[in-house]
Structures are given as structure tokens and as C-alpha cells.
Amino acid sequence: MIGKRDRRNRRLFIAGDIEQFIPEDHILKRVDRFLDLSWLSEEVKECYCVDNGRPSIAPEAAVRLMIAGFFQGIVHDRKLMREAQVNMAIRWFAGYELAEELPHHSSLSRIRERWGAEKFKALFTRTVKQCLDAGLVSGETVHVDSTLIRADVSWESIVRKHANEVISENREGEGDDRTPFDPAKKCGRPRTRDHKPKKVSLTDPEATMATSSRNHYLEPTYKQHTAVDDQAGILIDVDLTTGEINEGTKLIETIDRIEGLTQKPIKCVTADKGYSHSINYHELDKRNIDAVIPPQRDSKYGKGNLSIRRFKYDGLHQRVVCPGGKVLTRASRGKKGWLYKSKRIDCRCCNLRHHCLPLTARTRSILIVDGYEALLRARRRKLRGWDDQTKRLYNRHRYLVEGIHGEAKTQHGLRRAVRRGLENVAIQVYLTAVVINLKRLVTASLRPIYHWFYLLNCVATNIYKALISFGRKNPFSIRILYITT
């Protein structure tokens with residue numbers, strides 16, 4: 001008999017709590033057991049007037065609405081409120097009744113603008129401390145990496161920015177009578193090429209042009225700097241900068257923030273070649289931190305010339321010895337290190353002159369950057385070959401921190417910025433990190449249950465195999481096998 005169902009059932013009043021209609025294994029119901037926002041009202045109290053104005057949306061309800069949207073990959077407020085109209089789980093998670101009116105989508109934008117990025121950073125810090133108290137963060141091994149986030153601008157908004165015009169306009173506004181900056185008249189060797197105009201976006205000037213690959217074109221982007229703990233894949237530090245910032249310059253700042261948060265010394269740091277700066281190796285060696293960072297190839301002086309690796313650096317006597325046995329002495333101090341130059345008479349009589357110098361040069365110059373000795377030790381370690389433990393750590397770096405970047409972009413909408421401005425994108429980054437950490441926290445709480453189920457399954461499988469073997473050896477006891485199975 002074919003069953004029938006009346007689709008015109010319009011019953012409005014249903015006896016019972018809204019919670020009973022939400023499955024127990026729903027992600028929001030699991031997260032609600034660990035999410036504690038009772039401190040939030042006191043934290044954002046300074047952003048509101050005490051005795052004037054209309055009552056605002058409860059801070060906890062607003063944050064819960066945002067978090068519920070990020071769990072489902074909904075990053076736009078308008079789409080989130082449309083989904084909350086029909087989604088009982090979101091209503092229950094935020095504390096709204098079925099017949100209660102939800103806030104307008106623009107209210108969430110005003111709340112983010114009023115609070116600022118620091119309040120959401122405090123929310124992220126609380127989740128890290130909660131994971132630390134739960135024993136999910138060891139703080140000994142940290143994986144550091146960065147990723148680009150496409151800015152919310154169109155290609156039509158990108159224009160070329162000329163340095164001379166900008167400087168002249170700024171000086172005219174300040175009342176300065178100085179002449180505009182002329183690149184051809186600056187000190188040092190004159191440039192053979194003109195300055196390439198910088199591209200900026202008119203709708204989001206804080207986004208800068210960058211790319212993650214040489215074979216890919218430049219895009220207006222922001223850069224997220226991420227640090228992941230090795231034990232359970234917890235995000236312990238996130239930071240946002242413009243796309244043109246070099247990630248290697250942020251490594252030491254990241255380590256300082258992590259050690260200040262966890263109150264534990266870091267023993268090992270893994271990163272890719274973008275962090276292989278000599279000053280990073282030097283600072284990590286000084287702190288007794290194992291740097292699992294593959295060094296970049298040493299640069300050459302020119303096409304077909306002798307590599308800098310052929311020159312031996314003597315840090316004790318502060319000199320450089322060339323392949324011909326001549327000594328290069330200190331000449332001047334630059335921003336990155338000391339410049340060593342050879343004598344003109346030594347290069348004039350050298351047999352390797354044609355392999356070492358271009359036709360127009362008379363002497364050879366070598367820049368010894370700060371921390372060069374630590375960089376040499378890292379290169380020797382890589383040439384000898386990493387041991388199995390080091391290779392294992394670097395492989396974990398690849399799938400932990402890069403996997404989190406992929407998870408944030410594919411599941412939580414971080415591939416492209418939703419709003420414009422460095423502070424607005426930082427709020428999106430912090431909320432995404434909070435959601436990822438909450439997922440790890442929920443998974444870790446269920447791990448003991450899965451462990452017992454796994455043990456019971458193994459015991460049942462072994463009993464079943466034993467009964468099968470017993471039935472094969474004793475055909476008359478086959479009835480026992482059927483009864484037990």
C-alpha cells in the first residue's frame with residue numbers, strides 16, 4: 001500500500017523545546033558545550049553608552065550568529081540572516097525563539113565596526129587558552145606559514161600610482177617648498193631603468209599587489225601569517241598584513257607572541273624557504289630552537305661568475321678569502337650586513353678575473369649579511385641530508401599548516417576577503433581561526449569515545465574470527481556460530 005502525506009499541514013504551535021528538534025551530533029550542538037562567552041559583555045562594555053540609547057543586540061548572540069555562519073561557510077551577513085530565518089539550529093545556537101524577530105544584517109556590520117579587530121583577537125586568544133587547558137597544545141614544535149587572501153576589489157579599480165605625483169601632492173598640502181623626489185638625482189649609482197609605477201586599488205588602498213608563484217600574475221591581496229601547534233593542529237597564532245610584506249620578517253614576532261601566550265619555550269620551528277633568512281637562523285640558534293627551514297640557494301654575482309659559496313668567510317678575523325687566496329676586507333656597513341671588497345691590484349693580477357668579474361668591474365664585492373654563519377650551518381646541514389626525525393617534522397608542516405589554509409579557504413570562505421580594509425579582513429581571519437580551533441576541540445573530546453568503540457570493534461572482530469575458525473574445525477558445532485552471529 002502506497003503511503004500518503006498531507007502537505008497542507010500548517011500547525012504553528014508545537015509543544016516542546018526547540019533543542020529537541022536538533023540532532024545530538026549537530027556541530028553547533030557539540031560546539032555549544034565548549035563555547036563560553038559569558039566574559040564578552042564585560043569586554044565590550046566600553047564600546048557602548050551606559051545610560052543613553054536603545055538596548056543593543058546581546059554581544060554573545062551577535063558573536064554566536066557570526067560563528068554559526070562561519071561553520072557553514074556563510075561569510076556574508078545578508079545570506080546568514082536569510083539562513084537563520086529557516087534554520088532552527090542557528091536560532092537555538094544564538095538564543096532566539098522560533099517566533100522571535102532576528103536582527104537586521106547591517107547590525108552585525110555595525111557591531112564589527114564598533115568593536116574593532118582587537119575584541120575578536122581576544123576571542124581567538126581565549127580559544128587558544130581553552131585548547132591549552134584541555135592539553136591540546138604542547139608549545140614545543142610550531143609550524144609557521146603564510147597564505148594570500150584575495151582582496152574584495154575588481155580589476156577595474158586598480159590604477160597605477162606614480163611616486164612623484166603622490167610625494168608632490170603631499171608636500172603641497174604640508175606647505176613644503178622642496179622639489180619633488182627625482183630618482184635620477186639620488187646618491188649612488190644611477191639607475192639604468194625607470195621606476196615601475198606601483199599598482200593600487202581605489203576601492204581598497206590597503207590591499208597590495210602580490211602573488212604566490214612567479215608563473216602567476218599579481219593580484220590585490222592580504223597575507224595571513226599562521227602558526228600551528230604540532231600536537232593536535234591547533235591554531236595558536238594568526239596575524240594579517242598587506243600582501244607585499246615578506247613573511248620571513250614576521251617569524252621572530254610570531255615566536256615571541258606564542259611564547260608569551262603559552263608560557264613555554266619553543267624547541268622546534270618548521271617553515272618553508274620563504275623564511276630562510278640569515279637573521280632568522282641566527283636568532284633561532286641564539287634561543288636554542290631547532291630550525292627546520294630549508295635554505296634557499298645562494299645567489300651568484302652575475303651570469304657565469306663565481307658563486308659566493310666559493311668565497312670562505314672567516315668570522316673570527318672578520319675577513320673573506322677568495323678562491324685565488326686573496327683577502328677581502330670590510331669596506332662599509334649596509335642595512336643587511338657588511339660589504340667586503342677586494343683590492344684592485346689583487347684582482348688585476350688574478351687568473352680567475354674573467355670568471356669572477358664582469359668586464360666593467362675592477363674589484364669584487366661580497367655582502368656578508370647579519371647571521372651569515374648560522375645560514376652556512378643550515379646549508380651544511382641540508383647538504384649532508386636531514387635525518388628521519390627532521391624529515392618527519394617537515395612533512396607534518398606540509399599537511400598541518402598548509403592543510404589548515406586549505407580548510408579555511410574551501411570550507412570557511414577565506415579564499416577571498418568579504419569586506420575591505422585591513423581591520424575588517426583581520427576580523428574575518430580571527431573568526432575563521434576560532435571556528436577551526438573549536439572544531440579541533442570538539443573532535444578531541446569525542447576521541448575517547450571513538451577509542452572505546454574501536455576497542456569494542458576489535459574485540460568483536462576477533463571473537464567472530466575465532467568462532468568461524470572453531471566452526472570450520474568442528475562441523476558439528478556450526479549451530480553455535482549461527483546463534484552467536
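All figures in this text were calculated on a predicted structure; none of them were measured in a lab.
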What do the steps show when you test D152 against R419 for salt bridge (charged side-chain N to carboxylate O under 4.0 Å, His left out), and what is the final call? CA-CA 6 Å; D152 186 26; R419 282 160 282 274; over 6 Å; no
Starting from the C-alpha separation in whole Å, work towards a yes-or-no answer on side-chain contact (heavy atoms from CB on, under 4.5 Å) for T270 and C268. CA-CA 7 Å; T270 67; C268 180; 4.2 Å; yes
Checking salt bridge (charged side-chain N to carboxylate O under 4.0 Å, His left out) for the pair D237/K121: CA distance, chi angles, key distance, verdict? CA-CA 10 Å; D237 185 78; K121 184 178 180 180; over 6 Å; no
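Scanning for side chain to side chain donor-acceptor pair (under 3.5 Å) contacts around T127 gives an empty result, with sequence neighbours left out. Taking Y394 as the reference, nothing meets the side chain to side chain donor-acceptor pair (under 3.5 Å) condition, with sequence neighbours excluded.
Although no hydrogens or angles enter the test, the distance criterion places a donor-acceptor pair under 3.5 Å between the side chain of Q428 and the main chain of V418. When atom types are taken as modelled, the side chain of N437 and the backbone of L235 share a donor-acceptor pair closer than 3.5 angstrom. No donor-acceptor distance shorter than 3.5 angstrom exists from the side chain of T221 to the backbone of I149, with no hydrogens or angles considered. No donor-acceptor pair closer than 3.5 Å links the side chain of R384 to the backbone N or O of D387. Put simply, the side chain of S342 gets close to the backbone of R364: a donor and an acceptor are under 3.5 Å apart. Formation of a donor-acceptor pair under 3.5 Å by the D32 side chain with backbone atoms of L28 is not found in this model. Proximity of a side-chain donor or acceptor of H76 to a complementary backbone N or O of R78 within less than 3.5 Å is not detected. With hydrogens and angles disregarded, a donor-acceptor distance shorter than 3.5 Å links the side chain of N280 to the backbone of Y275. Panel note: side chain E206, backbone G421; no donor-acceptor pair is recorded below 3.5 Å. Under a 3.5 Å cut-off, the side chain of D36 and the backbone N or O of S38 do form a donor-acceptor pair.
A salt bridge links R396 to D230: one of the charged nitrogens lies within less than 4.0 Å of a carboxylate oxygen. Looking at E247 and K223, a side-chain N of the basic residue comes within less than 4.0 Å of a carboxylate O on the acidic one, giving a salt bridge. The existence of a salt bridge linking D145 and R398 is excluded, since no basic side-chain nitrogen approaches an acidic carboxylate oxygen closer than 4.0 Å. Here E253 pairs with K250 in a salt bridge; the nearest charged N to carboxylate O distance falls below 4.0 Å. Contact check on D370 versus R333 returns a salt bridge, with a Lys/Arg side-chain nitrogen under 4.0 Å from an Asp/Glu carboxylate oxygen. Here R287 pairs with D256 in a salt bridge; the nearest charged N to carboxylate O distance falls below 4.0 Å.
Around CZ of R392, the count of heavy atoms belonging to other residues, nucleotides or ligands within 6.0 Å exceeds 12. In the displayed structure, R416 atom CZ is contacted under 6.0 Å by more than 12 heavy atoms of other residues, nucleotides or ligands. The environment of NZ in K439 is crowded: more than 12 heavy-atom neighbours from other residues, nucleotides or ligands sit within 6.0 Å. Within a 6.0 Å radius of CG in D388, no more than 12 heavy atoms belonging to other residues, nucleotides or ligands are found. Counting non-hydrogen atoms of other residues, nucleotides and ligands closer than 6.0 Å to CD of E113 gives a total of 12 or fewer. For N351, the CG atom sits in a loose shell: 12 or fewer heavy atoms of surrounding residues, nucleotides or ligands are nearer than 6.0 Å. Other residues, nucleotides and ligands contribute more than 12 heavy atoms inside 6.0 Å of the CG atom of L383. In the displayed structure, R362 atom CZ is contacted under 6.0 Å by at most 12 heavy atoms of other residues, nucleotides or ligands.
For the ring pair (Phe, Tyr, Trp, His ring centres under 6.0 Å) test with Y372, the passing option among Y313, Y281, F311 is Y313; the others fail. I236 pairs with exactly one of T125, V142, V228, T254 by the side-chain contact (heavy atoms from CB on, under 4.5 Å) rule, that one being V142. Partner of Y222 under the side-chain hydrogen bond (donor to acceptor under 3.5 Å, both in side chains) criterion, chosen from T147, T241, D204, T242: D204.
Residues I57 and S107 approach most closely at CD1-CB, 3.4 Å, considering heavy atoms. In this structure, L438 and F71 approach most closely via the heavy-atom pair CB-CZ, 4.0 Å. When all heavy atoms are compared, the tightest approach of A94 to R64 is CA-CB, 4.0 Å. Of all non-hydrogen atoms in K119 and C47, the two that sit nearest each other are CE-SG, 4.2 Å. When every heavy atom of G274 is checked against every heavy atom of N246, the shortest pair comes out as O-OD1, 3.9 Å. Closest heavy-atom contact between G243 and T208: N-OG1, 2.8 Å.
When only modelled atom types and interatomic distance are considered, S157 and S201 share a side-chain donor-acceptor pair under 3.5 Å. With 3.5 Å as the limit, one finds a donor-acceptor pair spanning the side chains of T226 and Q224. Under the 3.5 Å distance criterion, with hydrogens and angles disregarded, a donor-acceptor pair is assigned to the side chains of H317 and D314.
The CZ atom of F34 sits 3.5 Å away from the OG atom of S445 when rounded to the nearest 0.5 Å.
For the pair R380 and W386, the cation-pi criterion (under 6.0 Å, within 45° of the ring axis) is not fulfilled.
Put simply, the side chain of V429 reaches to within 4.5 Å of the side chain of L414, judged on heavy atoms.
Relative ring orientation between Y48 and W115 is described as perpendicular, the plane-to-plane angle rising above 60° on a 0-90° scale split at 30° and 60°. Aromatic ring pairs are classed by plane angle as parallel below 30°, tilted from 30° to 60° and perpendicular above 60°; the pair H143 and H397 is tilted.
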